[in-house]
Amino acid sequence: MLSRPVRWALGFFGLAAVAVAIALAGRHGSGYVVMVVPPWRIELSVMMFIALVFLAFLALYFLIRVGQKAWALPREIERRRIEAARNGARDKVFSSLQLLFSGRFKDAEGKAREAMGHDETRDLAAALAAWAAHEGGNTTAAVPYLDSIRGEHGAHMRDASKAYMLLADGRAPEALALLKSLAAEDPKNPGVLKMKVEAEMAEKAWDDVLATLEPLTRSGLLPEGAAQQLRLNAEINLVATRPAAREPILAAWRGMGSGSRFEPAMVAAVARRLMGIGEGAAAREVLEEAIERRGAGQWEPLLAGLYGDCVTDQTLAQIDHAEQWLRREPRDAVLLGALGKLCMRQSLWGKAQSYLEASVALQPTLDAHMTLARLMEQLGRRDEAVAHIRKSAELAGR
C-alpha cells in the first residue's frame, strides 16, 4: 500500500495532467453550445459549458453532503451522548478500582455505585461496590450489591464473590451450597476449589475435603506440603468421626495411602481412638505395625509413649517388643518410661523402677515422675513418692 506522501504526489500530478489536457482542448477547440429558452438565447463555448457543468456538479455534491450531515446530526448527537456516558461510567469503574486498592473503601464503594447507573458497567460496578463494602466492614451491604447482578456473564463472578464473603462472615453452609454449584460448572477452577475446601473443613465434611484436595493440588495453587498437611488433618478427623467400634476405625486407617497412614499424628490419633473405646489390643497392633514400618531411621518417641499406655492381656509380649526397640534406641527417655509402665502392669517392680529412673535421668518429664510416684506408693515408699510428686509439680509450673 502506498504511503500518504506518495499518494499526494500522484494526485497532484494527476490534477496537473487534467489541467493541461483541459487547457489544450480549450486552446484548439472551436465548438460552442447554444441554449435557447424563448425569448432568450445563450451561446457558450464548449470549454465554458464544461466548466459550468463541473461547478454545478460540485455545488450539488456539496448540498447533498450538507443535507446528509444535517439528517444524521440528531443521531450523531445521541451517539456522542451515549459514548460520553459510557466513557464516564468506565472512568468511574477505573477510579473505584484505584480507590479500592488504595484502601479507601468508602470512596471506592461510592464511585462503583455511581457506575452502576450504566448498563454496560452495571455488573462489574456492583461487584466492585460489594468488595469495597466488604473490605470496609459494611458486610450487610455487600451481598445486596451482588444480588443486583443479573447479566448472564456476571453470574459466576457474583456467586464466587458471594461465596467468599459468606465464608469470611462465618456462614459456611450457605457458601458451600454456592461453591458446589460453581465447582460443578468449572471443576478445574483453583480459586473455587480452595474456598470449597475451607467451607468443607468448616462444616467438618472430611470425605468431601479429601475429594476436593486432589484437583486443587493438581492445579498448583496449593503447595504439596500444605496439601499433605490438610489431607492428614482431614484423615485424622475422618477417623475421629467413625463409629466407636474396632472394625470401622481400622478399616478407615488401613484404607489410607502409606503417605499419611504411618504419619505419627495419624497413628497416634487411631491408637487413642481405639484405646478410648477399650480396644487396647487393636491399638497395640496399630502401633507395632507403624513402628516397624517406620524403622530405626524414622523413630518417633510419641508412638513409643502411647505403646506404654496400651492395656492388653499380653503385657509380656509388649515388654518383649519394647525391649527389642530399646536395643535400637537405648537413650530414648519416652521408650524407657513406656517400659516402666508395662513392667508395673506386670508387677515387675524392680525392672519398672530401673527403667523409670533411667528415663528421668535422661529427660525429666511430668509423666515419668508421676509414674515413679505411683510406683513408690505401690511399694510403700511414701517419702520417695512425695519427692517425685514435688518434681512433677515443678515441671508442671514451668
Side-chain angles (χ1 to χ4, degrees), residues 201 204 206-207 209-210 228-346 348 352 355-356 359 362-363 365-371 374:
M201 290 176 66
K204 304 187 187 310
W206 305 114
D207 285 309
V209 170
L210 293 172
Q228 179 60 27
Q229 188 59 45
L230 285 174
R231 187 178 296 109
L232 179 62
N233 180 61
E235 288 173 337
I236 288 173
N237 282 283
L238 195 60
V239 168
T241 59
R242 286 292 180 260
R246 171 193 172 107
E247 291 309 320
I249 296 171
L250 288 177
W253 180 63
R254 297 192 190 284
M256 296 173 189
S258 58
S260 57
R261 181 180 170 189
F262 296 111
E263 280 291 321
M266 171 59 70
V267 177
V270 173
R272 289 191 182 107
R273 181 92 165 94
L274 289 167
M275 286 188 284
I277 61 172
E279 291 288 347
R284 172 203 163 190
E285 292 173 11
V286 168
L287 289 165
E288 286 177 356
E289 181 180 350
I291 291 171
E292 293 301 331
R293 283 291 297 269
R294 291 177 65 83
Q298 293 181 300
W299 174 257
E300 178 53 57
L302 170 66
L303 304 184
L306 287 169
Y307 192 73
D309 294 330
C310 290
V311 178
T312 71
D313 55 2
Q314 295 182 332
T315 307
L316 285 175
Q318 287 181 261
I319 293 172
D320 183 56
H321 268 94
E323 287 179 336
Q324 290 178 32
W325 298 331
L326 188 63
R327 295 189 192 102
R328 296 190 328 221
E329 306 290 336
R331 296 185 62 79
D332 189 280
V334 177
L335 178 56
L336 287 164
L339 269 166
K341 290 180 182 179
L342 292 170
C343 290
M344 280 180 64
R345 202 172 298 140
Q346 197 62 27
L348 300 173
Y355 281 134
L356 289 167
S359 175
L362 286 169
Q363 183 181 349
T365 62
L366 176 63
D367 183 58
H369 276 295
M370 287 302 296
T371 305
R374 288 196 300 273

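If you read the sequence from its start, that first residue is 1, and numbering goes on from there.
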Might you point out which heavy atoms bring [X] and [Y] nearest each other, and give the distance in Å?
X    : Y    : value
M266 : I236 : CE-N, 3.4 Å
C310 : L287 : SG-CD1, 3.5 Å
A352 : G340 : CB-O, 3.5 Å

Between [X] and [Y]: side-chain donor-acceptor atoms closer than 3.5 Å:
X    : Y    : value
Q318 : R345 : no
R231 : Q228 : yes
Q324 : D320 : yes

Not counting sequence neighbours, which residues clear ring pair (Phe, Tyr, Trp, His ring centres under 6.0 Å) with Y307? List them please.
-> W325
Sub-4.5 Å side-chain heavy-atom contact between [X] and [Y]:
X    : Y    : result
H321 : I291 : no
L274 : L250 : yes
I277 : I249 : yes

At what distance, to the nearest 0.5 angstrom, does [atom1] of [X] lie from [atom2] of [Y]?
X    : Y    : atom1 : atom2 : value
K341 : D367 : NZ    : CG    : 3.5 Å
R331 : Q363 : CZ    : CD    : 11.0 Å
L339 : I319 : CG    : CD1   : 7.5 Å
D207 : L238 : CG    : CG    : 5.0 Å

Crowded around R293 CZ? As in, over 12 foreign heavy atoms under 6.0 Å?
-> no
Would you call R246 and E285 a salt bridge, taking side-chain N to carboxylate O under 4.0 Å as the test?
-> yes
Pick out which of E235, E247, E289 makes a salt bridge (charged side-chain N to carboxylate O under 4.0 Å, His left out) with R254.
->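 Exactly one option meets the salt bridge (charged side-chain N to carboxylate O under 4.0 Å, His left out) with R254, and it is E289.
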Whether R294 side chain and F262 backbone form a donor-acceptor pair below 3.5 Å =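 Checked: pair present.
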Do the side chain of S359 and the main chain of Y355 share a donor and acceptor less than 3.5 angstrom apart?
-> no
